Amino acid sequence: MPELPEVEVTRRGIEPWLVGQTVRRLVVRNANLRWPVPEVAGQIVGQTIRAVRRRAKYLLLDTDAGTTIVHLGMSGSLRILTRATPPAKHDHIDLELANGCVLRFNDPRRFGAWLWCELPEQAHPLLSKLGPEPLTEAFNPQYLQQALNGKSKAMKLCLMDNAIVVGVGNIYANEALFAAGIHPQTAGERVTVEQLLVLVAEIKAILAQAIEQGGTTLKDFVNADGKPGYFAQKLLVYGRGGQPCLHCGSLLSEIRLGQRSTVFCPTCQPAKASKAVSKPKNRPTD
DNA sequence: AATCGGGCCTGCACGC
DNA sequence: TGCGTGCAGGCCCGAT
């Protein structure tokens, strides 16, 4: 699943191939994504791509006429093709460039999106209510504390709330809460300042590490499978429900929170804040 | 106003 | 072997 690191790795991978290029053609084979690909998406044709940016998990292709907004959803991916390649199953969209390269969008589950918006994109309803980027200075313990003010819902759901902070999906929410010793069901407003300090640092560290790992596939980005692959990343709790905690050996609990699988260590992440909990050390880094 | 839960969609891991 | 079933999940939006 593309989380923020994977989207950023994708952005870095496609950017050098797109910037400065003029769009020759947009081929939409299947417009039925999360929302129908709008007719106006074709306005990118004839435009020169000025920049490839990322906001939250959205990729933004800037032109003078407007911005293409791409979301990879659950299963989407983008590849750069340097020579003619017949479309495979789920290859829904091609963006053909004047230099002959093609940006190809593949998305089996079609939870992704391909939209168009006239400048400025900040006004777009999908982007206008987003919280800060987790890897910027704007996301800090002081900010998070005030953002959680009055939030009675579970801290894990707060972390996954894009109005509070963007780009923290289910996997990283689980991992970050474990790293910070916070029980996922703790009400957002009840999380202590000390915990928020650790949590913010852990979120930044985990995401940055994942981007680095994805970076190893950058040089192979145009290869046949084209999959950014930080999948090798070691996860300490996600997907490990019922198995021993790698920090204390207790069996990890698995519950559902907001219909999503939630794994935590009942010892390292006690329901009530405890001063005795030390943060897990030696996060594996392969 | 804040929060909860439904729905979108396909591939895969299961069990029989 | 080939079914059917259930689950995975980001994110919008309607219901509470």
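All values reported here derive from a predicted model rather than from experimental measurement.
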Rounded to the Å, how far apart are Q185(A) CD and dC4(B) C1'? 14 Å
Roughly, in whole Å, what's the span from NZ in K57(A) to C1' in dG10(C)? 6 Å
Side chains of N170(A) and K156(A): is there a donor and an acceptor less than 3.5 Å apart? yes
Report the residue from D64(A), T67(A), D62(A), T63(A) that forms a side-chain hydrogen bond (donor to acceptor under 3.5 Å, both in side chains) with R50(A). D64(A)
Base, sugar-phosphate, or nothing for L126(A), non-hydrogen atoms under 4.0 angstrom? sugar-phosphate
To the nearest 0.5 Å, atom CH2 of W17(A) lies from atom CG of L81(A) at 10.0 Å
Salt bridge (Lys or Arg N to Asp or Glu O under 4.0 Å) assessment of D91(A) paired with R104(A): CA-CA 7 Å; D91(A) 281 344; R104(A) 180 165 286 177; 3.6 Å; yes
Any side-chain donor near an acceptor of the partner, E254(A) and T262(A), under 3.5 Å: no
Between dT10(B), dT3(B), dG10(C), which nucleotide gets closest to the side-chain atoms of K151(A)? dT3(B)
Tell me if the side-chain of R260(A) makes a donor-acceptor pair with the base of dA8(C), cut-off 3.5 Å, by modelled atom types. no
Could you check how far OH of Y58(A) sits from P of dG10(C), rounded to whole Å? 12 Å
Interatomic distance, L257(A) CG vs dC11(C) P [rounded to whole Å]: 17 Å
Nearest-nucleotide 5' precedence on DNA chain B, D107(A) against Q259(A): Q259(A)
Hey, does the side chain of N162(A) come within less than 4.0 Å of dG10(C)'s phosphate (OP1/OP2), counting only N and O? no
Please list, pair by pair, any protein nitrogen or oxygen found under 3.5 Å from a nitrogen or oxygen in nucleotides 14-16 of chain C.
none

What's the CG-C1' distance between D161(A) and dA1(B), to the nearest Å? 13 Å
Working to the nearest 0.5 Å, report the span between CG of L252(A) and CZ of F264(A). 9.0 Å
For W114(A) and dG10(C), give me the distance from atom CH2 to atom C1', rounded to whole Å. 19 Å
In terms of the nearest nucleotide of DNA chain C, which residue is placed more toward the 5' end: E254(A) or R34(A)? E254(A)
Rounding to an integer number of Å, can you tell me how far N174(A) CG sits from dG10(C) C1'? 14 Å
When rounded to whole Å, the CG to C1' distance for the pair L157(A) and dC4(B) reads 9 Å
Once the angle between the rings of H71(A) and Y58(A) is folded into 0 to 90°, is it parallel (under 30°), tilted (30 to 60°) or perpendicular (over 60°)? perpendicular
Does H71(A) make a side-chain N or O approach to OP1 or OP2 of dC11(C) shorter than 4.0 Å? yes
With hydrogens left out and only the distance checked, is there a donor-acceptor pair under 3.5 Å joining R110(A)'s side chain and the base of dC8(B)? no
